[in-house]
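These values consider heavy atoms only, across backbone and side chains, with no hydrogens, waters or symmetry-generated copies. Whatever order the structure lists them in is the order used to number ligands and atoms, beginning at 1.
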Amino acid sequence: MYDPERTVEFEFVRATENAALNAMRFIGKGDKNTADAAACDAIQGVFDLVDIRGEVVIGEGIKDQAPGIFLGDRLGKWGPNSPRFNIALDPVDGTTNLSKGSPNAISVMAAAELPHDAKHPVMRNIPSYYSHKIAYGPEVARVLQKEDPEANFLDSPLKETLQRLAKILHKRVGDMVVLVLDRPRNQTFIDAIRQSGASLRTIADGDITAAVAPSLPDSGIDLYVGIGGSPEGVLTATALRALGGEIQLRMWFPNPEAKAREVSGVPEGEIQRIYRSNTIVTGDSAIFCATGIIESPLLPGVKLIGHKAITHSILMRARSRTVRYIRAVHDLEHKTIHLRSTRREKSV
Ligand code: VTB
């Protein structure tokens, strides 16, 4: 049966590759907004030539006032019969890292195809800026799915969660490796991890990569935990649908004013709800794609060798569960990318 997802998915790789190539000139230049704008311009430019109807349900920018692609924006040519996709993206996850030239920056997009008669999005927009998240890999997800599908790790003491996960993974708690976004608001998690005897790793930014890491076979990370961005949580959930891992996520607010501002009119039940990957991305379609800009646990960064640029991307689909690692060699004497801003091809 013809499945548009199978061909369209490769356009997502082109988009994140071009975003990485267009943003790489800004690595270390101390200007995160220009880097982000360059990545957005490249993504929009790719989709201006692709026959889909893409609706952005998770854009960027609100919390960080970034330039870019926002909720409600359209990507694609929007022909009347072209397939419809909900799209979530972070043209650069780790803009601060990119601007400083430090590790951990990727360009990332996720999409879910809408059935023809769909009245509602198939990808959930989590309206809070921040969420409390915990993410683990397929081995743990499989066991819990069988034994305790409602397991709630957001309200149970982290120490107990670590003991339970260690048992499932046939490890000692002391050999468990837990990744946390380094922020003062995550100090209680950091303390609990230290007390449990597990090994702690912290990252400065970029918690999509961090939360996907436990689902990758050789990452050496068993668990991601902490309070990070909500849009990043949705992108993580899409990847985990394809990798078989799991995320538990609940909206989080630093204070009542933030809550009033971010979720006024949202029912309390919805605010308190624990989301999992299949309640964030609800259909059977999920595509996740990322290209490394600067090296991270997920991907190597862009490498410049002579007049060639080498990019590394990961592309996966929930329907087939195929995970592709795509290494591309771009000849910079020939390579051009199509930008939205000029509607032209530009050399890299
Ligand atoms: C994380 C991280 C992002 O936001 O989600 C983080 O993955 C959380 O917010 O790269 P604060 O930076 O405000 O703490 C980013 O750092 C940027 O959106």
Q. Is the closest heavy atom of Y130 to ligand 1 under 4.0 Å?
A. yes
Q) Same hydrophobic cluster for I227 and I190, using side-chain heavy-atom links shorter than 4.5 Å among ILVMFWY? A) yes
(Q) Please report whether ligand 1 has a polar contact with G206, defined as an N or O pair separated by less than 3.5 Å (distance criterion only). (A) yes
**Q.** Proximal ligand 1 atoms for R185, defined as those under 4.0 Å from one of its heavy atoms
**A.** 8 (C), 9 (O), 11 (P), 14 (O)
Q: Examine the side chains of D207 and Y224 and answer whether a donor and an acceptor come within less than 3.5 Å of each other.
A: yes
Q) Would you say the side chains of E246 and S277 form a donor-acceptor pair under 3.5 Å? A) yes
**Q.** Proximal atoms of ligand 1 relative to L181 (non-hydrogen, under 4.0 Å)
**A.** 1 (C), 6 (C), 8 (C)
Q.
Can you see whether W78 has R74 sitting over its ring - NZ or CZ less than 6.0 Å from the centre and within 45° of the normal?
A. yes
Q. Is the backbone N or O of K32 less than 3.5 Å from a side-chain atom of S99, with the two atoms forming a donor-acceptor pair by type?
A. no
(Q) Show me which atoms of ligand 1 lie under 4.0 Å from any heavy atom of R183. (A) 11 (P), 12 (O), 14 (O), 16 (O)
Q.
Show the atoms of ligand 1 that are less than 4.0 angstrom away from any heavy atom in D207.
A. 1 (C), 2 (C), 5 (O), 7 (O)
Q: Please could you name the atoms of ligand 1 that D93 approaches to less than 4.0 Å, counting only its heavy atoms?
A: 3 (C), 7 (O), 10 (O)
**Q.** Any N or O of G229 closer than 3.5 Å to N or O of ligand 1
**A.** yes
Q: Flag K133 as yes when one of its N or O atoms lies below 3.5 Å from any N or O atom of ligand 1, and as no otherwise.
A: no
Q: Would you tell me whether D41 and S341 have side-chain atoms, one donor and one acceptor, within less than 3.5 Å of each other?
A: yes
(Q) Quick check on contacts: which atoms of ligand 1 are under 4.0 angstrom from a heavy atom of G94? (A) 10 (O)
(Q) Please report the interatomic distance OG1(T95) to CG(D205), rounded to the nearest 0.5 Å. (A) 6.5 Å
